[in-house]
Amino acid sequence: MEVEATRRWLDQRLTGRAIVELDLVDRRLWKCGDPELAGRRVLGVRRRAKWLWLQLDQGGLAVHLRMTGRFASQPDGKLRATLSTEDGHVHFLDTRCFAEWHHVDALEQVLGRLGPEPWPGVQPAAWWQERMHGLRGAIKPAFMKQDRIAGLGNIAAIELCWLAELDPTTRVPSVGAATWTRVGEACHDHLTRALADALRDGMRYLNDGGGDHDNPFYVYRREGQPCPRCSGLIERFVQAGRGTFWCPGCQV
DNA sequence: ATTCGTGTTTCAAA
DNA sequence: GTTTGAAACACGAA
């Protein structure tokens, strides 16, 4: 998970430092609170779902990267803000400018209804059954319901269906215990691997003209390519408004 | 030139 | 409860 990788990156550079200046290049980032951060000290960096929380000595900064937000040591993109400390700069880049920064007393003020975190543990079948209880629609969009399970997005939902050999259109009530167990393992596998990839390479697979040659996923954005498991062809269709990639050969 | 699709998530409407 | 579309916005690809 890129957000967890970002959390560690920020923690290394900001925790224990005092903020010297916030240069808010694009005001649209700023959703609420006082943007005057000079003199505040960063006590720690935490994550909840895809929110980052920079705990300050007075309140904190809640940051959501949305689609294209990212932190970097060099301003090599659409620069929206720069956070300066005594010993360095942290730049915030965001092509589409959907990201949100909130200066509030507590992170809970900006969180919607969020279910529990599925990671870093391996959640057992009973956990998934409880989280999905009452849903009757397709499993893949259900994985993305933040009020049921926090932090799974489109890629995770796609990849974990593939890992669990599960047809993304399967109705939630017809998923059996053995499959839920596979889902739990698949979810842990995917998120752990996504974090390792992000720690190593960042989001290089979709950045600066590289095309898809660095795509680290099994089926995401691989329409027309052979399935790594059964060599069937990966297909794409739209489900609940989002692109869904899957292998009709081995996902049942 | 124009349209389409995109890593997120919430919301309203049907 | 479910499903869809729209909303933030920018840009590369078709």
Side-chain angles (χ1 to χ4, degrees), chain A residues 1-7 25-32 47-52 62-72 76-81 92-102 107-115 117-118 131-160 168-175 190-191 193-195 197-198 201-224 235-245:
Chain A
M1 178 187 295
E2 318 73 51
V3 181
E4 175 61 18
T6 302
R7 185 197 69 75
V25 177
D26 193 325
R27 304 275 318 181
R28 291 176 300 179
L29 262 195
W30 201 261
K31 300 305 176 182
C32 70
R47 177 185 64 82
R48 172 78 166 106
K50 291 187 175 170
W51 284 94
L52 290 160
V63 175
H64 199 296
L65 307 176
R66 291 280 167 175
M67 305 275 275
T68 51
R70 63 191 173 97
F71 287 91
D76 56 348
K78 283 276 185 180
L79 183 67
R80 307 297 185 183
F92 185 74
L93 311 160
D94 186 9
T95 305
R96 295 175 69 178
C97 209
F98 284 178
E100 303 179 17
W101 288 33
H102 307 249
L107 175 61
E108 288 66 34
Q109 292 172 267
V110 301
L111 297 180
R113 280 180 76 91
L114 281 185
E117 301 279 334
R131 297 325 308 157
M132 298 284 101
H133 180 75
L135 299 179
R136 287 173 299 176
I139 185 76
K140 187 259 188 177
F143 282 149
M144 296 190 284
K145 289 184 180 292
Q146 302 298 306
D147 57 343
R148 298 300 188 113
I149 297 169
L152 297 182
N154 198 41
I155 293 181
I158 289 168
E159 292 287 297
L160 92 87
T169 64
T170 306
R171 302 274 150 173
V172 172
S174 65
V175 177
H190 167 72
L191 292 175
R193 209 172 66 92
L195 171 60
D197 287 345
D201 302 327
M203 294 289 274
R204 215 180 69 220
Y205 67 99
L206 280 175
N207 287 344
D208 65 277
D212 281 352
H213 64 85
D214 285 327
N215 181 350
F217 303 113
Y218 294 110
V219 291
Y220 174 71
R221 284 213 184 176
R222 291 195 183 279
E223 186 178 16
E235 293 183 6
R236 175 187 185 275
F237 69 105
V238 175
Q239 188 179 27
R242 308 302 312 278
T244 300
F245 299 82

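Lettering follows sequence order; numbering is per chain, from 1.
For the strand DNA chain C, secondary-structure stems (runs of at least three Watson-Crick or G-U pairs, all distances below 3.5 Å) span B:2-6 with C:10-14, B:8-14 with C:2-8.
Salt bridge annotation for A/Lys145-A/Asp147: absent, with no cationic side-chain nitrogen under 4.0 angstrom from a carboxylate oxygen.
Counting only heavy atoms from C-beta on, A/Met67 has its side chain closest to B/dT6 among C/dT4, C/dA10, B/dT6.
Residue A/Arg171 places at least one side-chain N or O under 4.0 Å from the OP1 or OP2 atom of C/dT3. For C/dG5, neither phosphate oxygen OP1 nor OP2 lies less than 4.0 angstrom from any side-chain nitrogen or oxygen of A/Arg242. For A/His64 and B/dT9, the shortest distance from a side-chain N or O to OP1 or OP2 is below 4.0 Å. Residue A/Lys78 places no side-chain N or O under 4.0 Å from the OP1 or OP2 atom of C/dA10.
Contact annotation for A/Leu135: backbone-only contact, meaning every heavy-atom pair under 4.0 Å involves sugar-phosphate atoms and none involves a base. Within 4.0 Å (heavy atoms only), A/Arg28 reaches sugar-phosphate atoms of the nucleic acid but no base atom. No engagement by A/Gly69 is indicated, since no non-hydrogen atom pair under 4.0 Å with the nucleic acid exists. Counting non-hydrogen atoms under 4.0 angstrom, A/Arg136 reaches the backbone sugars and phosphates but no base.
Going from atom CZ of A/Arg70 over to atom P of C/dA10 covers 16 Å, rounded to whole Å.
Here the side chain of A/Gln146 pairs no donor or acceptor atom with the backbone of A/Gly115 at under 3.5 angstrom.
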